[in-house]
Amino acid sequence: MTNIYAVILAAGKGTRMKSKLYKVLHPVCGKPMVEHVIDQISDLHTTEIVTIVGHGAEEVKGYLGGKSEFALQQEQLGTAHAVMQAEGNLGEKEGCTLVVCGDTPLIKSSTMEALVNYHQEQQAKATILTAYTELPDGYGRIIRNEMGMVEKIVEHKDATNEERQVKEINTGTYCFDNRYLFETLKKVSNDNAQGEYYLPDVIEILKKAGEKVAAYQTEDFSETLGVNDRVALSQAEKIMRERINEKHMRSGVTLISPENTFIGPDVVIGSDTVIYPGTVLAGSTSVGTDCEVGPNSEISNCQIGDGTSIRHSVAADSEIGSRVAIGPFAHIRPASNIGDEVKIGNFVEIKKAIFGKGSKASHLSYIGDAEVGSGVNIGCGSITVNYDGKNKFLTKIEDDAFIGCNSNLVAPVTVGKGAYVAAGSTITTDVPGEALSIARARQVNKENYVQKLNNKK
Ligand code: UD1
Ligand code: CA
């Protein structure tokens, strides 16, 4: 088996994005472009991945962490110069090297695999991934001779009018014989319209030296879209969204309106779940089977069980069990753990709270920094008073307790198992299990008060 290496070019600033954020970190469906590329390459079982970083090197490294090695390109002198920076990592090694641009987020592992296989079959020293497009502007053009063999790649800015008519473009993905790649890079000059060392020039140099150069044309141009500006970014977003949504529909998820459903690339959804319009599922969210999510819900990094319904609500960084009903208009904030068969109703905010099985907070509550047992009923408008202006404190509500409407539970405080809190109470000390606690002024009725008032006038 040949060793396969990968070099990802991610050092450019991306001037055309007109952004403070480095180009390859711009997200597509919530994930940075360069991370899409790396994740697809990871499927190929490469021996080593080296990402070339420059602009925003620390940020890019931060995002990619352990997924890649890194080589620094101090000055961005062109794509050939960028690849050269991996010489210390790869220069001496035997095998094939894939080079992929960090700004082509739609490239698929299957296409790269086909490219590598074709490269090996052809026993070429370099194989270019090409694509055909009616709108080749901005891309390097593939120049073939009378025999149909690739002669060279000409950058748009350097191309003659005749060359600009060519509709076969360089996708920016290549497979090279590793040794030949690093030998040839040394011979690339920067004598061109942009004064840069162009990686595509390696093709012409190899060809002139009599080495075999091949081209593999993919059918799907959209997969090779290079994102240089925000217009292309929105095109990439649309294509990626359609791809993700189709995958879920094919595996048994109903999307009522796919064009209004936004699912991140790493989200997992079980079959027979129905997603209503206006729903955003982001990050490492997983949704079980037979759930209903949306309309108009935003869920990030949540693990959700089976048969749960979440309508018109926001949830983040939390665990939500099975057969749970959330919303409409609920807010589940981070570090919450909502057990099975819980109900979190209208205008209820939950933060860093555990809810045991079957407990309910059905209307207008704030429950933060709390441990709620199972079978608890939290009446309308009740809140945990968790903050004294400096520190946060814990409220415990044990199993089967009943919290009357409009109660304040001033933490730290515990309401014991099966206890009752009378409506309108402000609870400041622990309530023993099975007790009834009433913490409000006793009612006084002044009989005939209105009459007395009228007599005074
Ligand atoms: C490049 C190709 C072009 C191809 C197109 C496909 C060259 C000279 N041209 O053009 O033939 O059709 O991609 O999308 O290669 N980068 C570095 N260091 C540098 C320069 C660039 O790391 O010094 C990185 C960028 O961050 C980017 C990638 O290389 O991720 C491509 O650079 P870019 O400037 O976008 O090249 P294009 O003009 O798109
Ligand atoms: Ca580009």
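When reading the values below, keep in mind they use all heavy atoms of this one structure, side chains included, and skip hydrogens, waters and symmetry mates. Quick caveat: nothing in here was measured; it's all calculated off a predicted structure.
- Under the 4.0 Å criterion applied to side-chain N and carboxylate O atoms, Glu211 and Lys207 are not assigned as salt-bridge partners.
- Applying the side-chain hydrogen bond (donor to acceptor under 3.5 Å, both in side chains) test between Tyr198 and each of Asp158, Asn190, Thr79 identifies Asp158 as the sole match.
- Using modelled atom types, no side-chain atom of Asn301 and backbone atom of Ala316 make a donor-acceptor pair closer than 3.5 Å.
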Under the side chain to side chain donor-acceptor pair (under 3.5 Å) criterion, do Lys23 and Asn228 qualify, and how do the steps go? CA-CA 8 Å; Lys23 178 164 81 172; Asn228 296 325; 3.0 Å; yes

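- By the ring-ring contact (aromatic ring centres under 6.0 Å, His included) test, Phe393 is found to be paired with no residue, residues two or more places apart in sequence or in another chain being considered.
- The backbone N or O of Ser313 sits less than 3.5 Å from a side-chain atom of Ser297, completing a donor-acceptor pair.
- For the pair Ser68 (side chain) and Thr51 (backbone), a donor-acceptor distance under 3.5 Å is present.
- Defined by atom type and a distance below 3.5 Å, a donor-acceptor pair is missing between the side-chain atoms of Gln122 and Thr127.
- Annotation: side chain of Arg141 is not in contact with side chain of Asn170 (no heavy-atom distance under 4.5 Å).
- Looking only at atom types and distance, the side chain of Glu151 has a donor-acceptor partner in the side chain of Asn145 under 3.5 Å away.
- Here CD1 of Ile326 is found 7.0 Å from OG1 of Thr308. Values are rounded to the nearest 0.5 Å.
- Considering every non-hydrogen atom in both Ile142 and Val166, the closest pair reads O-CG1, 3.4 Å.
- No donor-acceptor pair under 3.5 Å is formed between the side chain of Asp340 and the backbone N or O of Gly358.
- A salt bridge between Arg179 and Glu183 is absent, with no side-chain N of the basic residue lying under 4.0 Å from a carboxylate O of the acidic one.
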Would you sort out whether Leu255 and Val274 count as a side chain to side chain contact (heavy atoms under 4.5 Å, CB included), showing the intermediate values? CA-CA 6 Å; Leu255 305 184; Val274 181; over 6 Å; no

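- Judged purely by distance below 3.5 Å, without hydrogens or angles, the side chains of His36 and Gln40 never pair a donor atom with an acceptor atom.
- Between the side chains of Thr97 and Asn178, at least one donor N or O lies within less than 3.5 Å of an accepting N or O.
- Using a 4.5 Å cut-off on side-chain heavy atoms (C-beta onward), Tyr216 and His119 make no contact.
- The 12-atom threshold is not exceeded at NZ of Lys357, counting heavy atoms of other residues, nucleotides or ligands nearer than 6.0 Å.
- Ring centroid separation for the pair Tyr366 and Tyr387 does not come in under the 6.0 Å cut-off.
- When all heavy atoms are compared, the tightest approach of Asp306 to Gly288 is OD1-CA, 3.2 Å.
- Taking CG of Asp177 as the start and CD of Gln123 as the end, the distance is 11.0 Å to the nearest 0.5 Å.
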Run the side chain to side chain contact (heavy atoms under 4.5 Å, CB included) check on Ile332 and Asp317 step by step: do they pass? CA-CA 9 Å; Ile332 311 295; Asp317 306 311; over 6 Å; no

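- Few gaps surround NZ on Lys186; more than 12 heavy atoms of other groups in view lie less than 6.0 Å from it.
- No donor-acceptor distance shorter than 3.5 angstrom exists from the side chain of Arg241 to the backbone of Val28, with no hydrogens or angles considered.
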Checking Glu35 against Leu64 for the side chain to side chain contact (heavy atoms under 4.5 Å, CB included) test, could you report, in this order, the C-alpha distance in whole Å, the side-chain angles of both residues, the deciding distance, and whether it holds? CA-CA 7 Å; Glu35 199 175 352; Leu64 299 179; 3.9 Å; yes

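- Ser365 places no side-chain N or O within 3.5 Å of a backbone atom of Ile367 that could act as its donor or acceptor partner.
- Two residues are said to be in side-chain contact when any heavy atoms from C-beta on lie closer than 4.5 Å; Ile52 and Ile8 fail this criterion.
- Not counting sequence neighbours, the partners of Phe176 by the ring-ring contact (aromatic ring centres under 6.0 Å, His included) test are Tyr174.
- Judged purely by atom type and a 3.5 angstrom limit, Thr171 uses its side chain to pair as donor or acceptor with the backbone of Leu129.
- Shown here for Val376 and Ser359, the closest heavy-atom pair between the two residues is N-OG, 2.9 Å.
- Looking at Glu48 and Lys93, a side-chain N of the basic residue comes within less than 4.0 Å of a carboxylate O on the acidic one, giving a salt bridge.
- Counting only distance, with no hydrogens or angles, the side chain of Asp229 and the backbone of Arg16 share no donor-acceptor pair below 3.5 Å.
- Side-chain atoms of Thr111 and Glu223 include a donor-acceptor pair closer than 3.5 Å.
- Distance check: His55 NE2 to Leu25 CG gives 12.5 Å after rounding to the nearest 0.5 Å.
- Heavy atoms of other residues, nucleotides or ligands lying less than 6.0 angstrom from CE of Met249 number more than 12.
- Between the side chain of Ser109 and the backbone N or O of Leu44 there is no donor-acceptor pair closer than 3.5 Å.
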For Asp39 and Lys67: C-alpha separation, side-chain torsions, deciding distance, then whether side chain to side chain contact (heavy atoms under 4.5 Å, CB included) applies. CA-CA 8 Å; Asp39 286 350; Lys67 291 184 177 182; 3.0 Å; yes

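- Around CD of Glu163, the count of heavy atoms belonging to other residues, nucleotides or ligands within 6.0 Å exceeds 12.
- Contact record, Gly294 with Thr279: CA-OG1, 3.3 Å, taken as the closest heavy-atom pair.
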Please tabulate, for the side chains in residues 347-354, all donor-acceptor contacts under 3.5 angstrom to protein atoms that are two or more places apart in sequence or on a different chain.
unit_1: Glu349; atom_1: OE2; unit_2: Arg333; atom_2: NH1; d: 2.5
unit_1: Lys351; atom_1: NZ; unit_2: Asp369; atom_2: OD1; d: 3.3
unit_1: Lys351; atom_1: NZ; unit_2: Asp369; atom_2: OD2; d: 2.9

